[in-house]
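Inspection log for the structure reproduced underneath, given as structure tokens.
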Amino acid sequence: MKIIKNNAFTLGEVLMAILVVGIVAVLVIPSISRSINAKSKMSLLKNTVSSVTNVVQKELSRARTDDVTMTNIYNNPKAFLEEFDIAPSGEAFASSYRKITGNTKANVTIPKNEGTTQAKALLKNGVGIGLVNNLYGKDATGVIIDLNGDNKPNVVGEDYFVFQISWSDDASKNGNTGIHNGDVGGYFNGGSGDANSQESSASLKTACKGGNGAACYRMVELSGFDPEYLEK
């Protein structure tokens with residue numbers, strides 16, 4: 001009589017395989033999820049900067065000038081923000097933000113709807129945007145972004161960033177930046193107090209980790225919007 005061998009898996013082997021797959025999933029899926037989330041945020045930040053650039057150029061054209069201080073960007077920030085796709089309701093910014101390392105509170109600028117110097121709005125895509133004239137004492141309008149409004153994580157360098165709309169050539173007063181009136185981009189030296197200081201990856205990283213949204217954005221900009229910009 002021919003003996004037929006049973007090559008099927010035992011119940012114990014099946015359960016063991018399921019356990020191994022489960023353990024691998026628990027270890028890998030959160031990492032993949034964080035990576036996807038970080039890439040999504042960088043893409044949203046890049047698109048937001050592009051949108052700001054387009055609206056700035058539109059405003060300069062409307063005012064028939066190449067001088068930002070002759071436009072609503074400087075004279076009526078609230079009216080300028082109305083050129084974006086604004087949500088009918090919702091809060092653009094949280095009441096406070098944390099540093100990207102540790103759990104300590106960051107000292108940040110949170111825009112208000114206040115006179116002709118600053119304004120804020122929540123866009124329909126969930127991005128909070130605010131303008132503050134002379135932010136860091138520079139010849140520029142600071143653009144403050146929260147990628148998901150007042151929703152968490154509310155962390156500088158993750159969802160809170162700062163860049164500028166320049167009012168004049170070489171807004172950093174350094175003379176070698178190539179910045180021109182109406183340019184949209186990172187503050188040359190990460191928004192630190194000394195307008196003539198030279199930026200470096202080390203100083204920017206220190207400032208970013210210390211809660212400086214302008215330094216974080218400048219690092220993002222220099223990295224080409226790499227989600228792992230702090231690790232470069």
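Worth knowing before you read on, the calculation uses all heavy atoms, side chains too, and leaves out hydrogens, waters and symmetry mates. Sequence positions, counted from 1, serve as the residue numbers for this chain.
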Worked verdict on Leu60 versus Gln57 for side-chain contact (heavy atoms from CB on, under 4.5 Å): CA-CA 5 Å; Leu60 290 170; Gln57 293 307 311; 4.0 Å; yes

Any donor-acceptor N/O pair, Thr206 side chain to Ala202 backbone, under 3.5 Å: yes

Nearest-0.5 Å distance, NZ of residue Lys105 to CG of residue Asn154: 12.0 Å

Under 3.5 Å: donor-acceptor pair, side chain of Lys205, backbone of Leu230: yes

Closest contact, heavy atoms only, Pro153 versus Glu158: CG-OE1, 3.4 Å

Any pair counted as ring-ring contact (aromatic ring centres under 6.0 Å, His included), so long as it reaches residues 64-101, sequence neighbours left out: Tyr74-Trp167, Phe80-Phe84, Tyr97-Tyr160

Residue pair Ile100 / Val155, side-chain heavy-atom distance below 4.5 Å: yes

Backbone N/O of Gly185 and side chain of Glu221: donor-acceptor pair under 3.5 Å: no

Verdict with reasoning, Asn125 to Asn47, per side-chain contact (heavy atoms from CB on, under 4.5 Å): CA-CA 11 Å; Asn125 64 357; Asn47 290 339; over 6 Å; no

Closest heavy-atom pair and its distance - Ala92, Asp146: O-CB, 3.8 Å

Backbone of Thr69 reached by a side-chain donor or acceptor of Asn75 within 3.5 Å: yes

Results of ring pair (Phe, Tyr, Trp, His ring centres under 6.0 Å) for Phe161 - residues two or more places apart only: none

Student check: side-chain heavy atoms of Thr109 and Val162 closer than 4.5 Å: no

Aromatic ring pairing Tyr217/Phe225, orientation class (parallel under 30°, perpendicular over 60°, tilted between): perpendicular

Minimum heavy-atom distance Ile145-Thr48, with the two atoms named: CD1-CG2, 3.7 Å

Minimum side-chain heavy-atom gap Leu135-Gln164 below 4.5 Å: no

Audit row: Ile165, Val184, side-chain contact (heavy atoms from CB on, under 4.5 Å) steps and yes/no: CA-CA 5 Å; Ile165 303 170; Val184 175; 4.2 Å; yes

Heavy-atom neighbours of Asn107 CG exceed 12 at 6.0 Å: no

Residue pair Thr101 / Thr104: nearest heavy atoms and the distance that separates them: O-OG1, 4.4 Å

Donor-acceptor pair, side chain of Asn181 and main chain of Val68, under 3.5 angstrom: yes

For the student: nearest non-hydrogen atoms of Asn103 and Arg98, plus distance: OD1-CD, 2.9 Å

Cluster overlap Ile129 with Leu122, hydrophobic side-chain contacts below 4.5 Å: no

Distance-minimising heavy-atom pair for Lys58 and Glu83: NZ-OE1, 3.4 Å

Flag, side chain of Gln118 to backbone of Lys112, donor-acceptor distance under 3.5 Å: yes

Side chain proximity check, Lys120 to Glu91, heavy atoms < 4.5 angstrom: yes

Side-chain donor or acceptor of Thr53 paired with backbone N/O of Val49 under 3.5 Å: yes

